[in-house]
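These numbers come from a predicted model, not from an experiment. Atom set for the values below is all heavy atoms of this structure, side chains included, hydrogens, waters and symmetry mates excluded. The chains referred to below are lettered A, B, ... by the order of the sequence lines, with proteins before strands, and numbering in each begins at 1.
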2 protein chains.
Amino acid sequence: MELDERKKVILQAVIRNYLETGEPVGSRTISKYTDLKLSSATIRNEMADLEEMGYIFQPHTSAGRIPSDKGYRFYVDSMLESKDRRFDEMKDMLIERQDKMEDLLKSMASLLAANTEYATMISAPAAHRNKLKFIQLSRVDAEQLLCVVVAEGNVIKNSIIKLERELTDEIILKLNILMNTCMNGLAIEEINLAMISRMKEQAGIHEDIVGSVIDAVAQAVRSDDDPAVYTSGATNIFKYPELSDNIRASQLINAFEDKKLLTDLIDEKSGDDKENPIQVYIGEEAPLQAMKDCSVVTATYRLGDDMKGTIGIVGPKRMDYAKVISALEVMQQKLDDLYNPGG
Amino acid sequence: MELDERKKVILQAVIRNYLETGEPVGSRTISKYTDLKLSSATIRNEMADLEEMGYIFQPHTSAGRIPSDKGYRFYVDSMLESKDRRFDEMKDMLIERQDKMEDLLKSMASLLAANTEYATMISAPAAHRNKLKFIQLSRVDAEQLLCVVVAEGNVIKNSIIKLERELTDEIILKLNILMNTCMNGLAIEEINLAMISRMKEQAGIHEDIVGSVIDAVAQAVRSDDDPAVYTSGATNIFKYPELSDNIRASQLINAFEDKKLLTDLIDEKSGDDKENPIQVYIGEEAPLQAMKDCSVVTATYRLGDDMKGTIGIVGPKRMDYAKVISALEVMQQKLDDLYNPGG
DNA sequence: GTTAGCACTCGCCCATTTGGAGTGCTAATA
DNA sequence: TATTAGCACTCCAAATGGGCGAGTGCTAAC
């Protein structure tokens with residue numbers, strides 16, 4: 001059977017109506033809702049066809065229809081195609097530029113959550129291809145060396161290195177210069193074994209310190225230990241009855257509490273497609289089992305050439321896709337403006 | 001009416017039984033539960049008295065009794081008095097010393113949550129009376145100066161200072177020395193206006209930088225903008241039916257999401273009593289409206305002389321107080337051991 | 001002061017009923 | 001041939017009502 005134009009219109013009408021009301025929609029409703037001038041009986045026939053094709057289904061006999069995952073997929077795809085967005089809604093959200101990435105992302109997450117009424121998460125730009133801007137070693141006290149690493153985008157990481165022996169100021173200064181001249185401007189992948197042994201050679205008897213510093217840099221730049229995902233509005237899910245029963249809510253909130261889980265999800269899925277940085281996952285497509293009754297919309301943002309992160313919004317399947325997608329597009333744009341003022 | 005010895009025994013029995021089962025407890029149960037050798041009829045009379053006195057009540061006529069807030073209060077107080085704890089349970093929880101306070105507290109929070117099955121929160125030691133260990137200014141690029149502040153307990157804070165003009169290495173070095181000689185070892189309160197103007201004087205034309213640095217130090221050491229409360233196991237509340245209905249759960253989870261709220265709560269209430277660092281808040285006593293159906297147990301811990309923070313556990317009123325209190329005591333001890341190995 | 005006995009209350013569970021929304025099918029219509 | 005009106009049917013959800021059991025309060029006897 002084919003999905004002809006009229007079926008499409010009816011399907012759209014069913015979905016749109018369901019998004020508004022959250023109730024199964026019946027044939028009579030559609031008959032009045034659309035300007036097709038068809039009786040409910042005709043609609044019923046068409047709806048039976050649509051059900052057979054798998055776009056909609058009945059939660060039980062003699063109830064109205066609700067969209068299946070396939071139905072949502074059709075709806076979202078056709079929306080993405082038609083570029084029928086509501087850009088305006090969020091355009092004048094105010095975002096202050098913050099010194100620290102962290103604060104910026106936190107405030108963006110809570111802004112998005114407040115405006116969409118869904119749960120949001122933002123991953124900090126992955127630094128793994130990120131260039132080192134600056135390394136600073138300084139003595140805190142006799143046994144401890146502070147290592148500060150600044151990467152592009154003012155991502156700052158600290159770590160403390162324990163010393164087995166005391167170092168003179170002079171040696172620390174030397175090490176500083178050595179580290180910076182060797183590693184400045186490099187991405188973490190570019191630091192290879194050859195370079196490390198060359199540096200160790202130059203450091204002479206202090207080669208162990210170089211080892212520690214490189215560990216520290218690696219640890220600082222790698223974000224495994226510090227997932228760096230900011231979430232907001234997890235409690236919004238209680239606004240949607242279909243998600244707020246005990247089991248589902250608990251699993252969802254749990255997922256939001258477990259930043260590590262989120263990082264994996266967000267990293268794995270981001271940016272499969274450079275042309276289409278916005279991805280929509282519906283129901284079972286969702287990357288986490290806990291979210292199988294939700295839809296997840298993610299947007300990959302880029303800062304400069306090498307840094308990218310992901311913004312994700314999690315809500316019920318019957319979320320306002322148009323609003324969410326345009327909100328994400330605005331956010332992408334804002335991030336771009338803030339960090340690439342020249343571009 | 002007086003709370004004689006027998007009434008106390010019966011009240012204890014009622015409460016203990018309710019803690020175990022979560023069901024209203026009837027007179028027959030108590031008659032068998034205790035070794036008082038009293039018939040259920042007698043118990044009924046006594047329970048009627050206890051109800052009149054406000055220690056217990058019936059959720060509805062012809063149901064067993066459950067403890068009121070006043071009843072719990074009696075139970076907790078007599079437990080605290082008798083020092084009848086179960087220290088052993090958690091004693092050998094393994095806590096690795098972490099370089100960073102943050103990681104340590106996070107892992108402690110999740111450990112506590114996992115072991116108690118309640119929700120936990122830990123506030124980082126308030127740094128407001130904390131001594132500065134070390135300040136480091138370094139140039140990131142032409143327009144930005146990185147200011148790293150290390151305080152006692154290896155609390156590290158960064159901030160970026162925007163520059164209006166370029167500074168030479170020499171000047172930065174000078175400023176570094178100036179800042180460290182002036183402020184090292186000081187608590188933030190000890191930095192007064194006189195000192196600031198003296199420093200500005202010494203900095204000459206660069207007095208504006210000194211101003212910025214002091215702002216940065218203040219901002220770094222003050223923790224207002226970064227509440228620094230770590231939570232774990234918020235989803236544990238779903239394990240307790242009396243807390244997991246939609247409204248309550250949503251309010252509670254919300255409270256746990258809002259770190260700022262938690263900070264206020266935790267700071268306001270901590271350490272009223274130096275002798276009794278462990279406080280129990282039952283039901284309406286709880287410091288947050290969202291927690292009015294919960295009990296909250298807090299413990300104030302001290303690191304060194306000036307730093308203190310709070311650990312809090314939130315659970316249903318019928319929580320295992322003995323276990324929670326001893327767990328908190330163990331945590332206090334561990335923190336003490338880790339950071340004051342000499343004492 | 002304690003206990004046995006008994007009537008009573010009330011929440012909970014279950015089966016049954018009722019009403020309404022919505023369907024599928026069929027026959028009539030344009 | 002496509003559309004529509006009509007009707008019987010299905011099923012959910014909410015309301016109704018009776019039986020069960022746990023537990024109480026009271027009274028009278030010990």
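- Running 5' to 3' along DNA chain D, contacts with non-hydrogen atoms of chain A at under 4.0 Å begin and end at D:dT3 to D:dC12.
- Between A:Glu284 and A:Lys292 there is no salt bridge, since none of the side-chain N atoms of the basic residue sits less than 4.0 Å from a carboxylate O of the acidic one.
- With a 6.0 Å radius and a threshold of 12 heavy atoms from other residues, nucleotides or ligands, B:Asp35 has its CG atom at or below the threshold.
- Only one option out of B:Val76, B:Ile15, B:Ile313, B:Leu80 pairs with B:Tyr321 in a side chain to side chain contact (heavy atoms under 4.5 Å, CB included); it is B:Val76.
- Ring-plane geometry between B:Phe74 and B:Tyr55 is classed as perpendicular, the angle between the planes exceeding 60 degrees on a 0 to 90 degree scale with a lower cut at 30.
- Separating the CG atom in A:Asn246 from the NZ atom in B:Lys239 is a distance of 13.0 Å, to the nearest 0.5 Å.
- In this structure, B:Arg318 pairs ionically with B:Glu242, as a charged nitrogen and a carboxylate oxygen lie closer than 4.0 Å.
- Across residues 38-47 of chain A, A:Leu38, A:Ser39, A:Ala41, A:Thr42, A:Arg44, A:Asn45 each have a non-hydrogen atom less than 4.0 Å from an atom of DNA chain D (numbered order).
- Using a cut-off of 4.0 Å between Lys/Arg side-chain N and Asp/Glu carboxylate O, A:Asp77 and A:Arg73 are scored as salt-bridged.
- The pair A:Asp293-A:Lys317 fails the salt-bridge criterion, with no side-chain N (NZ, NE, NH1 or NH2) lying under 4.0 Å from an Asp/Glu carboxylate O.
- Comparing A:His60 and B:Arg28 along DNA chain D, the residue whose closest nucleotide (by nearest heavy atom) sits nearer the 5' end is A:His60.
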